Amino acid sequence: MALAKDTAEEEGVVGARREKSALGLVLAHRGVLMGGGLLLAMVLVAIVGPNFTSDPMALNPTQRLKPPSMELWFGTDFLGRDVFARVVSGARVSLVVGVAVAAVAVAIGLFLGMIAGYIRALDAPIMRIMDGLMSIPGILLAIALVSLSGATLMTVIVAIVVPEIPRVVRLVRSVVLTVREEPYVEAAIAAGTRTPLVMTRHILPNTIAPLIVQATYICGSAMLLEAILGFLGAGIPPEIPSWGNIMSEGRTYFQISPWIIFYPGIALAITVLAVNVMGDGLRDTLDPRIARKM
Amino acid sequence: SVLGKAAYGQGKSVLRVIPHADLKNLDPIWTTAYITRNHGYLIYDTLFAMDEDFKPQPQMVDSWTVSDDKKTWTFTLREGLKFHDGAPVKAEDCVASLKRWGARDGMGQQLMNVTDSLEAVDDRTFEMKLSVPYGLVLESIGKISSNVPFMMPKRVAETDPFEQIKDYTGSGPFRFVSEEWTPGSKVVYEKFEDYVPRDEPPSAAAGGKVAKVDRVEWLYFPDQTTAMNALLAGEVDYFEQPANDLTPILESNPDITVEVNDPLGNIGFARFNHLLPPFNDPEVCRAAIMAMKQEDYMAAGVGDQKYWNTCFSVYPCGTPNASEVGSDVMKVGDPAKAKEALAKTSYDGTPVVIMQPTDIPLLSAFSLVTAEALRKAGFKVEMQAMDWSTLTSRRASREPVDKGGWNMFHTWWIGADVIDPMSIAFSGDPEKGWFGWASDEELEEARKAYPLAKTEEEKLAAAHKVQERLWAIGASGHLGQFFVPVAYSKKVSGLIRSPVQFFWNLSVS
Amino acid sequence: MLRYILMRVLATVPVMAVVALFVFLMLRLSPGDPASVIAGDYATAEDIARIREQLGLNDPIPQQFLTWIGVLLQGDLGTSIFTNLPVTTLIAQRIEPTLMLSLTTIVFSVLVAVPLGAVAAWKSGSLIDRFVMLFSVAGFSVPVFVLGYVLIYVISMKLNLLPVQGYRSPADGLGPFFAHIALPTMTLSVIFIALIARMTRASVIEVLQEDYVRTARAKGQNEFTILIRHALANAAVPIVTVIGIGIALLIGGVVVTESVYNIPGLGRLVLDAVLARDYPIIQGLILFFSFVYIVINLLIDISYSFFDPRIRY
Amino acid sequence: MDHLLSRHRAGDHRAGGQCDGRRAARHARPENCEEDVSEPVLDIRGLTVELPKGADRRYAVDDVRFSVDAGELVCVVGESGSGKSVTAFTVMGLNPPRALKPVAGEVMVQGIDVLKQSTRAMRRLRGEKMAMIFQEPMTALNPVIKVGEQISEMLEIHTDLSPSDRRKRVLETMGDVNLPEPEKLYHSYPHQLSGGQRQRIMIAMALTLEPALLIADEPTTALDVTTQAQILRLVKDIQRRHGMGVLFITHDFGVVAEIADRVVVMRDGRIVEQGPASEVLNAPKDPYTQMLMAAVPSLTPPERPEPKPADPALEVKGLNKVYGSTGWFSSGRLVHAAQDVELTVRPGETLGVVGESGSGKSTVARCVVRLVDPTSGTVLINGEDVARLDERRLRPHRRDIQIVFQDPYRSLNPRRTVGQSIVEGPMNFGMSAEKALANARELMTVVGLSPDALDRFPHQFSGGQRQRICIARALAMEPKVLIADEAVSALDVSVQAQVLDLLADIRQRFDLAMLFITHDLRVAAQICDRIMVMRHGQVVEQGLTREVYGHPQHDYTRALLAAAPGRETRFAGTAA
Ligand SMILES: Nc1ncnc2c1ncn2[C@@H]1O[C@H](COP(=O)(O)OP(=O)(O)OP(=O)(O)O)[C@@H](O)[C@H]1O
Ligand SMILES: Nc1ncnc2c1ncn2[C@@H]1O[C@H](COP(=O)(O)OP(=O)(O)OP(=O)(O)O)[C@@H](O)[C@H]1O
Ligand SMILES: [Mg+2]
Ligand SMILES: [Mg+2]
């Protein structure tokens, strides 16, 4: 990096600094730093944490509903399971759901959005389907999908992805529609560049920044939605300790053992907050045009 | 409904109840749902009813005679009985109602199997002719739990038993206010002024059903915490089934009484699928049962010791048929021993698919405890989470696991439903039996012998034989007997002790 | 204008068709079987088969779809399997609480969020702006039910200020109505406020950079009037748009809020129906909600011309 | 010391030009002239405005000093970024407060130093003492408020007039700026007015309170030549009638020649020269000004050799383009953007297409390059019709016809090096990477850039350089036809002149047929062999450049030529 900068300056290249520091700019943003740091910590906890806690699944009916103590930091739930261990391993589920949903939604949305934006004939059919999907309230759709097709991690991810797709498609399509009018794209067409190449080489890169930003928001809302589904009893199998499940199971005990809901709730809120703060930061730095809009 | 709201309020007494479930169906013959049964008790009357000692007593019936060959039964109705539309209750109504019930209910079907004719003699009398002397005529007609033979007008009772009734004209102490019914939220009953209660004091379902409030409102709360808060805040009067863990908070409130009303309690069941490996081998079932420790289930699912006890009888402990004959296998409760037993069987490591109904915390907990116990005993276990309604559809499948089948699920029966061998839960008929399809001819013979028994001793012997066979084939794991308390405001009085929730005799000050 | 409205209404037809097909397929291709649910605990396989036959579940899928659509076009959303009541009746029974909760939420949110967002934009970068932004991020991060429980615990249980649960119709008196609806409204509003405040802030900031704001300054107009008369008026379209989009969010939130506060509304109806596999209700409600969403957004699109004279159809 | 000196010089200028340059003004308001002599309406003394850190220079405006007297119109000219707008906004106190800080100097408006005023006091001064009109009349008016009310707002802020009085005043002022049917227009929204009318509304707004100073920041750049001419006349007229001082910012020397009493030339935030218009335009002293003047193209077309007869490289027949789909759910609004357009261009020949905004010039270009599909007609390239070919069969023809766009900043993919952009086309047609790169290096020299620059990214070049790269990219395809759609319109005059030279040179060297689209009659006059005038999608006149300019046949062409600003003026160093 230092080397690149030096040579750039040697050549007297104007503006090289600006280009090189895009990453630096992103990293220097307070939101990205704070949110990212927090998130990194969460990821670490999710990856190595479970090795250091007790078994989150181990039942201990004699230790039911014990309040937090020195041994059991977050207390126990109605089956005497260690809430701390469960919250720590719940981080895995939330992060996996968040990341998987964001990745899948972005991948599918990117594909459909590019097609809709670029191929005139397919625009209307794709967008009508997306409008239809969009008009079904996301939570309803997800509840229905999960409880109708059986609760597994897979179905939960699918159920959360489906309502997110139209938003990504719209975003990508709008970027494609504006970018395809850019003179440089028209110049490429005029130079005989084939359509797939025009799309990947000239249009696709423009979608990346807004997509990264969008992906963080999707990630955050997916984690929330997963928890809500779990809470409503239509989430991931309760055997897997996800934050939503822990809270759902703790719901009945809210007034006698509030810690069962409290700790996973805090963990969830903090994680989503971190993701969102990071998203805002990324948006400010990566995509100032959208930043002003949103 | 605006009119309805305006009509009550001034000077009328209202009992506001949080029922244990949402009333979805209004036909107590068509469904076995307990909530519909309770609804049935509010608006319909019965011919006979079970008293505190589980003895059938006449309710609508005034008197009856049995022929010497014990094959002809003649019943006479009380005078002055009326339906909610004002029409008198006639024998033909009762005949039609009994026939419809007989087409749906298990015990009813058995009774109808031995019934040659059932006909009205005059307006107040009807006659039942049997092919053999049958020991459970009154027990069947006076059945306390689902499906209860409720008396409906003939026109209603002539509805196809497999279709739901649409006319809710009842014969009981309360009237269903259909205009105010909001499924999922609210059901309203009003006192039926023309109901003629018996003179005896109430005793379980029997005795005088005196409506002491003008109006009963069922307000369904999907959320236990909110329900509890509503009772604490005085927004409702009666909470039918608070979660056991909530009782300490309710008990700590001086304005609220918490007590167990159902003397029989509920019995937890772990059900095996006897059609599929590994549980098509009774020894494997027995090994699995050995791994199950009732204390663990009860502690995990119910919690507070005062609401449960271990019970190694297949019949609810405290009822006449209860005994521990052949129950050793259930008493083991030790995964290590189970492991030894399992090693002697044909078990080859086939994974056990347990269906876990995640929307029912108790059963969810049972499933988790079983999973842990079986794993310790050397089983391979696969949990499949689903909601209860998915489970109920999947448990009907006899297919192999990879085609949507299953190996185990958990449920509970209320004590009154498994009080004798006639319960479908104890069936040994692989065709008509209950999900899991345990198969044992000896068991079936013993069950058939029970109603035909001439003496109490014979009856008891048959019941114990059934129990022995059940344990021998490892039909189900029995997970303990537990009691769900009711909680109500101190303003409410007149609660009737019974396995079923009744709303007559209750008053609000 | 009329022509435009007609066109827009026509354009919703394919969208509704997509929704209908999607809903139908989703339910039919799922493994749950309403017949066995209806049949109950003691039912035998024959019972279940008979019920399947009665419900028409054995017909070929396309035929079921056509039958359904045919009935649908007559305004009949079907009959609930369990309660035997028409779905339209169930919706009619439940619509008032949901409608009221949505209305109070929208009104409350707009009243709070728009001034908040506008002030944040005006004082962009200031402490108040930071606060609004923080609040809006937090609003997106706290799950509705956690918030609901906390509010119940603190406000109803500890402080004894408001009822814990339930719903009272405004027809029975405004006092009880507001007392009961206050907490659910607050719970549900948080995310909505976050959304609208954020959008208001963003669009007002953008508008404040417009040339005509500079013109207003060049006239010597004071900043407050500029904010209200020039900036907010021009930011109205995106704000109204985000309210429209937020309807979906609102409906989702209603499901959770109604279940936490035990409000007998449509949200709870749909949740119960899903858990009970009451196909007609689920189908009917999803269609209904989509329809409402589409209609509201249509109205909002049409209302643009009210906020912005440039938009004429 | 230096400052003092220059201050004197500035003063001298003013003294020299006193009342002379403003005879007309004195005529209009003789009683005011004497008072104003002692005090100019605007006097900028050593104004220095600092740029935020990281900008390419330290001061946006550096030690600027000039004044505007009552009844005087002072033009500030200079290329983009020279600090013209910053100066104007500083006077109005409208600069972003944190980004641009005045660090030295005084700005006196009728004796009041606006830099020292409180925000409140400034608000009062704006509108009452000074007013401003902006470049984009569309965006400068609030789209959701009726124009009458927007004018009225001025009175609302500064006077206690009753609503009805306000209304009367507004209608008067609207009449003053020659707006037709003020009563009706009062209730119109900005989008319902034409560009010229909107600018009149802006002017009316500025005039309502009869301020002493009017600042206009490129108020006609966004307008058609014909409209521009009207607005310029109006500004001049009003200035005379009201005896206002006007500070007029522009980069168009034609405009300067048309209206300016005095001229201030800025470069990089500094004033390089100021003086009476005639002096600066005809006999500039500063080398930079001289260079600028020399770069202004003349309206008189030079003598051109007759083009060699040859087969046309591009031939368009009966071309129509209708925008707006006729689909089910479309709004049904159709735009006939090109109607029966016919044209031919021979190798080595340049055909100019002129006409005002929206006349369909770009549409023709885009149809020819097949960026859009023509509705009907034929486009013959080398005798083959490409109008109806599908994309696959069209591709082989693409290399024969290339296009250079107006906006040099958006014409190159910012994420790709210019080298990659240049070789993309040839490689599409199977050229090896090495060969394409070697060609690209050569082309870079042709367009006057270093071949080493191929590895850089577009943002590392200036606008003029980028336009050269775009030309190189087009040439890399070895096309037979080159279309330049407003290829020089976004460039400063000096750069524009260089790029025009380049284009002329290339055309000759590669024997290109060139379709040159512009709205600038001066540019067209210099580069085109033949001219085609478009209006409302139709070709109204076509002919040899000299003939069209010398003896326009069509009324519209005549109006267009008459409206060209500064057509009478001859700039120093202009060729003809
Ligand atoms: N808000 C701002 N923040 C930072 N720099 C600015 C700002 N406004 C202008 N500048 C810088 O000040 C300098 C002078 O800009 P100005 O707008 O006065 O140029 P101009 O002469 O009006 O050019 P043009 O003809 O393009 O309008 C430029 O270098 C510009 O980048
Ligand atoms: N993609 C489009 N869809 C609909 N109408 C269009 C489209 N592009 C251009 N038009 C319309 O076609 C007409 C001609 O536009 P065109 O861009 O060819 O004009 P022009 O002469 O190049 O103008 P300018 O000098 O402003 O570039 C205009 O009325 C314009 O609004
Ligand atoms: Mg400028
Ligand atoms: Mg153009």
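Small disclaimer: the values here were computed from a predicted structure and weren't measured. Chain identifiers are assigned alphabetically (A, B, ...) following the order of the sequence lines, protein sequences preceding nucleic acid strands; residue numbering begins at 1 within each chain.
Closest approach of A:L273 and C:S141 over heavy atoms only: CA-OG, 3.3 Å. Nearest heavy atoms, A:A269 versus C:V142: CB-CG2, 4.4 Å. What you find for C:I251 and A:P137 is that their closest heavy atoms are CG2-CG, 3.5 Å.
For a residue to count as touching a neighbouring chain, one of its non-hydrogen atoms must lie under 4.5 Å from one of that chain's; by this rule A:M130 does not touch chain C. Both the backbone and the side chain of C:Y149 have a heavy atom closer than 4.5 Å to some heavy atom of chain A. Contact of A:L224 with chain C is made through the side chain alone, with heavy-atom distances under 4.5 Å. In this structure, chain C has a heavy atom under 4.5 Å from the side chain of A:I261, while its backbone stays farther away. Interface residue C:V137: backbone and side-chain heavy atoms are both found under 4.5 Å from chain A. In this structure, the portions of C:V15 lying under 4.5 Å from any heavy atom of chain A include both its backbone and its side chain. Neither the backbone nor the side chain of C:V292 comes within contact range of chain A; no heavy atoms are under 4.5 Å apart.
Results of the side-chain contact (heavy atoms from CB on, under 4.5 Å) test with C:S290 over A:I136, A:L141, A:L133 single out A:I136 as the only residue that passes.
The environment of C:L127 atom CG is sparse: at most 12 non-hydrogen atoms of other residues, nucleotides or ligands sit within 6.0 angstrom. The neighbour count for C:F22 CZ, taken as heavy atoms of other residues, nucleotides or ligands under 6.0 Å away, is above 12. No more than 12 heavy atoms of other residues, nucleotides or ligands sit less than 6.0 Å from atom CZ of A:F262. Surrounding OH of C:Y153 are at most 12 heavy atoms belonging to other residues, nucleotides or ligands under 6.0 Å away.
Here the OG atom belonging to A:S135 is positioned 12.0 Å from the CD1 atom belonging to C:I296, to the nearest 0.5 angstrom.
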Review point. Given the rule in the side chain to side chain contact (heavy atoms under 4.5 Å, CB included) test, do C:V18 and A:D131 qualify, once you have shown the distances and angles that lead to the verdict?
Key: CA-CA 9 Å; C:V18 167; A:D131 286 349; over 6 Å; no
Check your understanding: Are C:F140 and A:V275 close enough, and set up right, to give a side chain to side chain contact (heavy atoms under 4.5 Å, CB included), and what steps lead you there?
Key -> CA-CA 11 Å; C:F140 283 122; A:V275 173; over 6 Å; no
Exercise for review: With side chain to side chain contact (heavy atoms under 4.5 Å, CB included) as the test, would you mind laying out the steps for A:I228 and C:F145 before giving the verdict?
Suggested key: CA-CA 8 Å; A:I228 289 177; C:F145 53 89; 3.7 Å; yes
Practice item. Under the side chain to side chain contact (heavy atoms under 4.5 Å, CB included) rule, what do C:R198 and A:D280 come out as? Steps first, then yes or no, please. Key: CA-CA 11 Å; C:R198 206 173 233 256; A:D280 281 2; 2.7 Å; yes
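Note: C:P143 leads C:A20, C:A248, C:P143 in heavy-atom pairs under 4.5 Å with chain A.
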